[in-house]
Structures are given as structure tokens and as C-alpha cells.
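No experiment lies behind these values; they were computed from the predicted model shown.
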Amino acid sequence: MTEATISTIDPAIVLPLFGAKDQHLRRLRDRFQVNITLRSGQVRVAGDDQAVAQATKAIEQLAAIIRQKGGLTPDDFEETVAQITGERPAPRVREPIDIVQVGREIRPRTPGQAGYVEAIRSHDVVFAVGPAGTGKTYLAVAMAVEALKHQAIRKIVLVRPAVEAGESLGFLPGDLSAKINPYLRPLLDAINEMMGFDQAQRLIQQDVIEVAPLAYMRGRTLNQAFIILDEAQNTTISQMKMFLTRMGTDSKIVVSGDPTQTDLPSHQRSGLDDALHRLRRIAGVKVIELTQSDIVRHRLVQQIVEAYESNSGEAEESTRSDFDRGHRRRTGGPRRSQS
């Protein structure tokens, strides 16, 4: 254990250095795995030798930036820490996504989301994979609305496979709209929130915005379109190939999904997994992997995801044991002998 003391920190810059509610302080502690305290006007850093050296250097450089600029931006913080650790800094996304609704600002909230938005801006085909709540669908829709506003495209196409219930659309009640509405509801909710219900409905009626199940994409070519495939883990290999080849001139495709949440039969490989393996090295195709740290829903969502991922094996074994015990009680089957 090593301890270093920095006594040259002006008390006036302690607040911007540590951040509102100590957000910068917590990030420094987490990033370098050190203990940082402020006592009697001195900053003390304790931990492993290399970690203390790096954290001390980061604090001194961040303090120098504050003296020079009068404050500290998220980019300043990330670039300084990345330079010291040798990590690649998160892409800069200074401006919010420019959507239609006045007064509604949408911007990336994590480094992972910033990389996702930058990838959509700079690539024609983007795959985004990650757990629920990381903004995969929401940010893609926002980027599509922005592209439509700036007339970079003429049409937004929102697509989703309709397999969650294990039923084909023909067996569901109602007309086509009633059949597909439950599957496309998350996409419609995002569109309505960003554009307002009336404007979104008007553009849907004018066919500027199209929402459709994946099966209805076959045989089409989509030019000057922003095409989003949501819940892509529920596509088959042939469906994914069919979807990706709908792309026409001046179009952009975003494919999002969570490979751990597939509803396909256990013997069937997901088209998303297959595409990630096949297409990762093609120029113009970008794969973005979002993680638990990018979850921006309710604070409990991140903990729920962690619980399922860390205890999945234990939970499955527990479920099987409970089922076996219940089955033996119902059937009067043999019980394990006690030694």
C-alpha cells in the first residue's frame, strides 16, 4: 500500500475538480481503484503503487486544466484519464441529437452511448448489442428523426420480428394494424415521444415513417431510408440476410438486439449472432457493444441485469430442483433415499 499527498491544490478548485456531488471523485476512485481523501487542504491518494502514481498524475493534470480554463468538461476528464491509462478516449459528441420536437434535448449519457451515436453518424451499417436499458433502440430512432429533419433521408422504416409469442401474424386477431401493433409498440412510443403524436401519425399516414414486421420487408429495395431493425436476436439467419440486402442507395441501417434474450427455438441460431460473426470485418460495418454501465433506465435495472447474468446458472439449477420436487409430490414418484 502506497500513499501520496498533493498539497498544491487551491481550495477554490476543489469543487470543480471533484465535481458536483463528488462525481469526478467517485470516477477517479473507480477508474484507478484508489482511496482519495481531502484533509486540511491536502489531497491524499492511497492504493497500489502504479494506481497511486496514475491517480496522482490525473488529479494534477485535471487541476491544471481547471486553472487554465476555469472549469472541467466531461471530455476534459475522459481524455486526461485515457491519456494516463493508455485507454482509448470515448468519442466526442458535443451536440445533442437534433430532433424535431422543440425544447426536447436528447444526447448520449454514457461513453458507450457516445460511441454508438458516433458510429451511426460515420457508418452505413451499425450493429448495436447490449442489455435492456442501454438506449439501443431509443438513440437509433433519435438519429433517424434527426436525419429526416435535415433531409438526409426521405423515409424512416422501423422493423421488428414478430416471433415473441411463438405465433404467426395470421393467427392473431384483428386487421394488420392490430396484429403488428404489440410488436412495434416500443418503436412507436419512441417516435411519438420525439415528434409528438399528431406529427408522427401524419408522417405515418404519408408513408414517410413506416412501421412493419420483418416478414413484410421481403422483395423490397429501400433507397434514401433510415432503416432500424429492433430485437434482432429474434431473426433467423435467412431473415437477417434478407433484411440487410433491402438496403438501397443513400440508406443507413441500424440493427439492435440483446443476444442473451432470444425467443427463437433452442436449436435455431440467431441471425444476429451469425451476422456479427460474418460481417464484423467488412469496411462500412460497425459493431457497438453496450454494457451494464450504459444502462440509463431506473437505477434498479442495472442491478437486475447483473443479478440475472451472475446467477443464471444457480437460478436454472434451483428452478429444476423445485420442479423435480413438485413433480414427485404430484406423481408420487420415488424420492431420494436418505443415508
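In terms of the side chain to side chain contact (heavy atoms under 4.5 Å, CB included) criterion, residue partners of Gln61 (sequence neighbours excluded) are, by chain and number, Lys57, Thr80, Gln83, Ile84. Under the salt bridge (charged side-chain N to carboxylate O under 4.0 Å, His left out) criterion, Asp207 pairs with Lys155, not counting sequence neighbours. Considering only residues two or more places apart in sequence or on other chains, Arg220 meets the side-chain hydrogen bond (donor to acceptor under 3.5 Å, both in side chains) condition with Glu210. Looking at residues two or more places apart in sequence or on another chain, you find no side chain to side chain contact (heavy atoms under 4.5 Å, CB included) involving Gln205. Evaluation of the side chain to side chain contact (heavy atoms under 4.5 Å, CB included) rule for Ala142 yields Ile97, Ile99, Ile106, Met194 as partners, not counting sequence neighbours. Scored by the salt bridge (charged side-chain N to carboxylate O under 4.0 Å, His left out) test, Arg154 finds no partners at all (sequence neighbours excluded). Scanning for side-chain hydrogen bond (donor to acceptor under 3.5 Å, both in side chains) contacts around Asp49 gives Thr2, with sequence neighbours left out. Partners of Thr56 by side-chain hydrogen bond (donor to acceptor under 3.5 Å, both in side chains), not counting sequence neighbours: none found. Among residues two or more places apart in sequence or in another chain, the side chain to side chain contact (heavy atoms under 4.5 Å, CB included) test is passed with Asp30 by none.
Residues Ala4 and Val52 approach most closely at CB-CG1, 3.6 Å, considering heavy atoms. Between Lys136 and Tyr116, the shortest heavy-atom contact is O-OH, 2.6 Å. The two residues Val141 and Ala190 have their closest heavy-atom pair at CG1-CB, 4.0 Å. Pairing each heavy atom of Ile66 with each of Pro16, the nearest pair is CD1-C, 3.7 Å. Of all the heavy atoms in Ala225 and Ser251, the pair that sits closest is N-OG, 3.0 Å. The shortest non-hydrogen separation linking Ile13 to Ala63 is CD1-CB, 3.7 Å.
With a 4.5 Å cut-off on side-chain heavy atoms, Val208 and Ile156 do not count as touching. Side-chain contact between Ile209 and Phe226 is absent, with no heavy atoms from C-beta onward closer than 4.5 Å. Within the 4.5 Å cutoff, side-chain heavy atoms of Gln268 are placed close to those of Thr236. Under the 4.5 Å side-chain criterion, counting only non-hydrogen atoms from C-beta, Gln113 is in contact with Leu139. The shortest distance between side-chain heavy atoms of Gln50 and Phe32 does not fall below 4.5 Å. Looking only at side-chain heavy atoms (C-beta outward), Leu158 and Ile191 come within less than 4.5 Å of each other. For the pair Val254/Ile120, a side-chain contact is recorded, criterion being any heavy-atom separation below 4.5 Å from C-beta on. Using a 4.5 Å heavy-atom cutoff, the side chains of Gln233 and Thr260 are not in contact.
The side chain to side chain donor-acceptor pair (under 3.5 Å) test with Arg160 is passed by exactly one of Thr137, Asp230, Thr235: Asp230.
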Hey, mind stepping through Gln199 and Gln201 against side-chain hydrogen bond (donor to acceptor under 3.5 Å, both in side chains) and telling me if it holds?
-> CA-CA 5 Å; Gln199 183 176 10; Gln201 290 303 307; over 6 Å; no
List the steps, then state whether side chain to side chain contact (heavy atoms under 4.5 Å, CB included) holds for Phe18 with Arg26.
-> CA-CA 8 Å; Phe18 285 171; Arg26 291 195 299 271; over 6 Å; no
Please report the C-alpha distance between Val14 and Leu38 in whole Å, then the side-chain angles of each, then the deciding distance to 0.1 Å, and finally whether the side chain to side chain contact (heavy atoms under 4.5 Å, CB included) criterion is met.
-> CA-CA 9 Å; Val14 169; Leu38 175 65; 3.6 Å; yes
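Under a cut-off of 6.0 angstrom, the local environment of NE2 in His277 is sparse, with at most 12 non-hydrogen atoms contributed by other residues, nucleotides or ligands.
Rounding to the nearest 0.5 Å gives a distance of 5.0 Å between CG of Asn234 and CG of Leu264. The distance from atom NZ of Lys286 to atom CG of Asp124, rounded to the nearest 0.5 Å, is 14.0 Å. The distance from atom CZ of Arg246 to atom NZ of Lys241, rounded to the nearest 0.5 Å, is 10.0 Å. Note: Ile36 CD1 to Leu25 CG = 5.5 Å, rounded to the nearest 0.5 Å. In this structure, Leu28 CG and Leu62 CG are separated by 6.5 Å, a value rounded to the nearest 0.5 Å. Once rounded to the nearest 0.5 Å, the distance linking NZ of Lys149 with CD of Gln151 reads 11.5 Å.
For residues 268-283, the pairs satisfying salt bridge (Lys or Arg N to Asp or Glu O under 4.0 Å) are Arg269-Asp274, Asp274-Arg278, Arg280-Glu289, with sequence neighbours left out. Residues in residues 33-48 take part in no salt bridge (Lys or Arg N to Asp or Glu O under 4.0 Å) pair, two or more places apart or across chains.
Ile204 is not connected to Phe197 by any chain of hydrophobic side-chain contacts under 4.5 Å among Ile, Leu, Val, Met, Phe, Trp and Tyr, and they are in different clusters.
A salt bridge links Arg121 with Glu146; the closest basic N to acidic carboxylate O contact falls under 4.0 Å.
Between the side chain of Asn192 and the main chain of Leu188, a donor-acceptor pair closer than 3.5 Å is present. Of the possible polar contacts, none joining the Thr134 side chain to the Gly130 backbone as a donor-acceptor pair under 3.5 Å is found.
Hydrophobic side-chain contacts under 4.5 Å tie Ile253 into a cluster, directly or through other members, with Val125, Phe127, Val129, Val157, Val159, Leu214, Met217, Leu222, Ile227, Leu229, Met240, Met242, Phe243, Leu244, Met247, Val255, Leu272, Leu276, Leu279, Ile282, Val285, Val287.
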